[in-house]
Each structure stands twice: as C-alpha cells, then as structure tokens.
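The chains referred to below are lettered A, B, ... by the order of the sequence lines, with proteins before strands, and numbering in each begins at 1.
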2 protein chains.
Amino acid sequence: MPAKDVPDIVVSRLPLYLRALSFLAEEGLQVISSKELGHKLGISPAQIRKDLSHFGEFGKQGTGYNIQYLRDQLRRILKVTEEREVALVGAGDLGRALMHYGGFAGRGFRISLVFDNNPQKIGQKMGPFEILDSESIETIVADRGIEIAIVAVPAEAAQEVVDALVRAGVKAILNYAPITVKVPEGVHVQYIDPVIHLQRMTYYL
Amino acid sequence: MPAKDVPDIVVSRLPLYLRALSFLAEEGLQVISSKELGHKLGISPAQIRKDLSHFGEFGKQGTGYNIQYLRDQLRRILKVTEEREVALVGAGDLGRALMHYGGFAGRGFRISLVFDNNPQKIGQKMGPFEILDSESIETIVADRGIEIAIVAVPAEAAQEVVDALVRAGVKAILNYAPITVKVPEGVHVQYIDPVIHLQRMTYYL
DNA sequence: GCGCTTTTGTGAAATCTTAAACATAATATA
DNA sequence: TATATTATGTTTAAGATTTCACAAAAGCGC
C-alpha cells in the first residue's frame with residue numbers, strides 16, 4: 001500500500017520535512033526549494049530530493065516545491081491526515097505534561113484515554129478524562145480499536161504495560177520509560193529518554 | 001583527548017549500553033557477553049564489540065565483559081562520571097515535569113537553574129529553585145560555567161533562547177521545542193518532539 | 001522566441017555502516 | 001594435561017546511505 005521498499009531512515013526524516021513545511025505554510029509562504037528547506041533543517045538538498053523521490057515527483061523544475069501541496073502529500077504518506085486516538089499510560093508529572101501539551105492537535109494525534117495503576121489516582125480527573133485502571137488497558141484499548149500508545153510509567157512497570165498494550169492490539173508505542181522493551185514483530189517502538197540524549201552530547205564536551 | 005575519530009553513530013549507542021549495564025549492575029550481575037547484551041538491546045553482538053573496540057579492549061575472551069568495569073569505562077568515555085549542572089529554560093508543564101524527574105540523578109546530570117520569561121512566574125519557586133528571568137540567562141549561565149541546557153519553551157521562543165544560551169557558553173542543548181534551531185559550529189543540539197516520533201511510526205500502520 | 005538561470009529527479013560514485021568470519025585467548029571438563 | 005567450549009577483537013566482505021553531477025524542464029527578461 002505505501003511504497004514498495006523505502007528505507008526506515010528515509011521515513012524517519014519525513015516528519016521533519018512535514019513539520020518545517022507546516023510552519024512555512026503558517027507563515028503564508030507558497031514555494032520552497034530543496035536548497036532552502038535543506039538549509040533550514042541542516043540537511044543537504046540532494047538528500048531531500050532523493051528522499052521525496054521514493055514517493056513520487058512533487059516539485060517543479062526551476063521553481064521548487066509548492067509548500068501546501070507537499071505538506072499534504074507528506075501527511076498522506078505518513079497517514080496523519082485524520083487525528084488518531086492515542087492511549088496514554090501513566091498519570092504522573094510527565095503524563096500530565098503530555099495531557100496538557102497543545103502540540104498534538106493539528107499534527108495527527110489526540111490523547112483520548114489515560115491509565116494509571118495507582119488506586120489514589122484511578123477515578124480522578126486529569127484534563128477532560130477520568131483516569132482508568134491500568135488493569136483495564138487490554139479490554140478498553142482493544143474495544144476502542146486504538147493503535148497508538150504513549151508509555152509514561154517508571155522503568156519497572158514499562159514491560160508489563162507494553163505487553164498489555166500489545167495484547168490490546170496497539171501497533172505503535174512511544175516509550176518514555178528508560179528501558180528497552182521487547183515487542184513482537186510488527187509492533188513499532190520509539191524511545192524518548194532525555195538522559196540518553198544528553199549523554200550523546202557530553203562525549204563531545 | 002577522547003578517541004581519534006569515532007563515528008557519531010557509534011557514540012550515539014554508547015548511552016544505551018551504559019543504561020543497560022547500570023541496570024544489570026543494580027541487579028547484582030557480574031558479567032555479560034556481547035551476545036546477551038545485544039539480545040537485550042536488539043543490537044547485534046558484532047556491533048557491540050565493534051563499537052566498544054573504538055575505545056579499547058574491555059572484555060575477556062571466553063567470559064565476556066565485567067559489568068561494573070564496562071559501566072565505569074563508558075561513564076568515563078561519555079564524561080558523566082561527575083554530575084553536571086544543567087540549566088532548564090521554560091517553567092511550564094514540561095519544565096515542571098523535568099524538574100521533578102528523578103531520572104537525572106545518578107546518570108550524570110542535575111538541573112540547577114530554571115528560567116522563564118513570564119513575569120507571573122519569575123521569582124516563584126519551582127521545586128527547590130527560584131524561577132529566574134530569561135533575560136538573565138546570558139550572565140547567570142556564563143557565571144556558573146554551565147555547559148548544558150534543556151529548552152522547554154514554545155517554538156516561537158526557542159531560537160531566541162538558544163541564542164542566549166550559546167552566548168552564555170552552553171555547548172550542549174536538549175531542545176523540546178518543535179523547531180530546528182541554528183547554532184554555531186561546536187554547539188551540539190539534540191531534539192525531542194513526541195509528534196515526530198509518533199509520525200515515524202504511523203507510516204507503517 | 002531565445003538565451004540565461006534555476007531547480008528538479010536520478011543514475012553513478014563515493015562514503016559510511018553493519019554483518020560475517022575467524023584467529024586467539026580464557027575457561028571448564030575430564 | 002589435553003580437549004571442548006565460549007566469546008573477544010579484528011579483518012574482510014556486504015550492504016546501506018549519502019553525495020555528486022547532469023540532463024531535462026520551467027520561468028524570466030528582453
């Protein structure tokens with residue numbers, strides 16, 4: 001359905017292009033060349049053109065790319081044309097910050113369920129949602145047909161939560177817990193651990 | 001001082017090794033082979049051995065790696081043997097979550113300054129710190145000799161904040177704002193944008 | 001219309017990265 | 001002590017990714 005065989009590393013850059021194009025469209029700009037876009041992103045123009053060429057021909061020679069058109073094409077390719085429901089597990093400080101984060105809307109995602117295993121929190125409100133018992137992840141997430149989840153629980157609980165999400169049919173997991181989790185083939189995991197990112201820079205200090 | 005010419009991509013994996021080894025050390029384990037470690041991390045044993053070989057010989061044939069020893073060596077290589085001070089800019093929900101995050105201690109970092117530009121917030125306490133005026137980033141961060149900063153402000157403010165941090169002498173920036181920023185040669189930036197990570201997975205759904 | 005400039009899409013070349021394979025060394029077994 | 005097993009560090013090969021370079025197309029000015 002998508003394309004035949006696009007390298008993962010190419011796919012991983014598309015969201016960066018989309019983010020920049022959305023920003024440029026907001027600014028009211030119409031057209032941008034691979035050279036200009038590359039300059040903004042710190043990526044070579046050739047790489048941008050090559051990446052996009054995996055999916056079709058979106059530019060016009062001598063002119064560049066129509067910003068709105070390319071943005072829409074990237075949204076289609078990345079399948080974020082409609083807002084997708086996301087289940088959030090973990091109602092701690094990080095969970096709350098994610099809940100209140102205004103940046104999901106308009107970029108393809110909407111948190112629509114929140115779970116926690118703390119009896120003190122279950123039943124309470126967080127934002128517009130009632131915090132649900134983590135025990136019910138399997139049934140509720142499956143019922144709603146939710147495919148995407150964010151895990152914001154301590155490391156000790158993460159694998160267990162991920163297992164429940166996988167059983168519920170979740171196919172994409174954004175894991176904030178500082179641990180590598182095991183998932184079956186076909187389930188995707190992305191990791192966010194600020195310490196890992198910081199340590200990637202201290203080497204160069 | 002570090003090594004002659006280690007590829008960035010190799011350096012980027014070292015923190016993952018360190019994280020796993022610290023966890024194993026906590027568990028009381030003594031020794032691990034590249035095969036076992038690779039299995040835990042989803043990385044090939046050959047790659048782990050190759051990566052480590054850039055920095056020296058840390059293992060013993062027939063046995064594997066001494067966990068504590070290799071952990072200590074990685075801490076040394078990544079220069080996180082002592083806790084480093086980090087300046088946090090942005091005292092919103094995310095900033096608060098980072099402030100309260102217990103995961104920095106013991107992994108080489110300690111937030112020790114918090115800035116915001118909101119007059120309502122300046123002077124208030126957040127955790128153990130008084131929120132300082134963003135206007136004073138340049139002087140205070142420079143005075144303290146802080147080299148690392150976390151940017152947790154809206155996209156519109158990010159470049160301006162980054163510029164101030166760079167002028168203050170910061171060399172490593174973890175940017176949570178959903179925008180690519182410009183920095184001079186020699187300043188390192190890592191990005192965390194949950195939407196980017198989510199969009200890297202929706203392609204495969 | 002005609003040259004001049006710009007910029008795309010792409011095949012080929014260059015570079016970088018990963019995986020495979022193996023000699024060597026350490027340990028365990030008997 | 002000899003033999004079998006395990007696992008490293010490194011060399012070599014394979015594979016993946018990026019860069020280069022250029023033909024073709026589109027717009028602009030005159």
Side chain to side chain contact (heavy atoms under 4.5 Å, CB included) between A:V153 and A:Y176, intermediate numbers included: CA-CA 7 Å; A:V153 304; A:Y176 280 84; over 6 Å; no

note: B:D51, atom CG; C:dT18, atom C1'; distance rounded to Å ~ 10 Å

For B:Q73, I'd like to know if atom CD has over 12 heavy atoms of other residues, nucleotides or ligands within 6.0 Å. yes

Atom CZ of B:F55 and atom C1' of D:dT8: how far apart are they, to the nearest Å? 17 Å

Report the residue (A:P7 or B:G62) whose heavy-atom-nearest nucleotide on DNA chain D is the more 5′ of the two. B:G62

Would one find a side-chain N or O of B:S34 under 4.0 angstrom from OP1 or OP2 of D:dA7? no

D:dT18, OP1 or OP2 - any side-chain N/O from A:Q47 closer than 4.0 Å? yes

To the nearest angstrom, how far is B:K50 atom NZ from D:dT12 atom P? 11 Å

B:Q61 has a side chain; which of D:dG9, C:dA25, D:dT18 sits nearest to it? C:dA25

Separation of atom CG in B:L52 from atom C1' in D:dA7, rounded to whole Å: 13 Å

Nearest to the B:I9 side chain among D:dA26, C:dT18, C:dT10, which nucleotide is it? C:dT18

Could you tell me whether the side chain of B:K60 has a donor or acceptor atom within less than 3.5 Å of a complementary atom in the base of D:dG9? no

Rounded to the nearest Å, what distance is computed from the NE2 atom of residue A:H54 to the P atom of nucleotide D:dA16? 12 Å

Which atom pair, heavy atoms only, marks the closest approach of A:I131 to A:K121? CB-O, 3.5 Å

Mind calculating the distance between CD (A:E57) and C1' (D:dA25) to the nearest angstrom? 11 Å

Pick one: which of B:S33, B:S34, B:S44 meets side-chain hydrogen bond (donor to acceptor under 3.5 Å, both in side chains) with B:R49? B:S34

Indicate whether OP1 or OP2 belonging to D:dG9 is found under 4.0 Å from a side-chain N or O atom of B:Y65. yes

Answer yes or no: does a side-chain N or O of A:K35 lie under 4.0 Å from OP1 or OP2 of C:dT7? no

Proximal nucleotide (of D:dT18, D:dG27, C:dT18) relative to the A:R13 side chain: D:dT18

Starting the side chain at C-beta, find the nucleotide from C:dT7, C:dA12, D:dT12 nearest to A:S33. C:dT7

Using every non-hydrogen atom in the two residues, find where B:P45 and B:K35 come nearest and quote the distance to one decimal. CG-CA, 3.8 Å

Please report the distance, rounded to the nearest Å, between CD1 in A:I48 and P in D:dT17. 17 Å

Specify the separation, in whole Å, of atom CG of B:D5 and atom P of C:dT15. 14 Å

Any side-chain N or O of A:S44 below 4.0 angstrom from OP1/OP2 of D:dT19? yes

Within less than 4.0 Å of OP1 or OP2 of D:dG9, is there a side-chain N or O belonging to B:R49? no

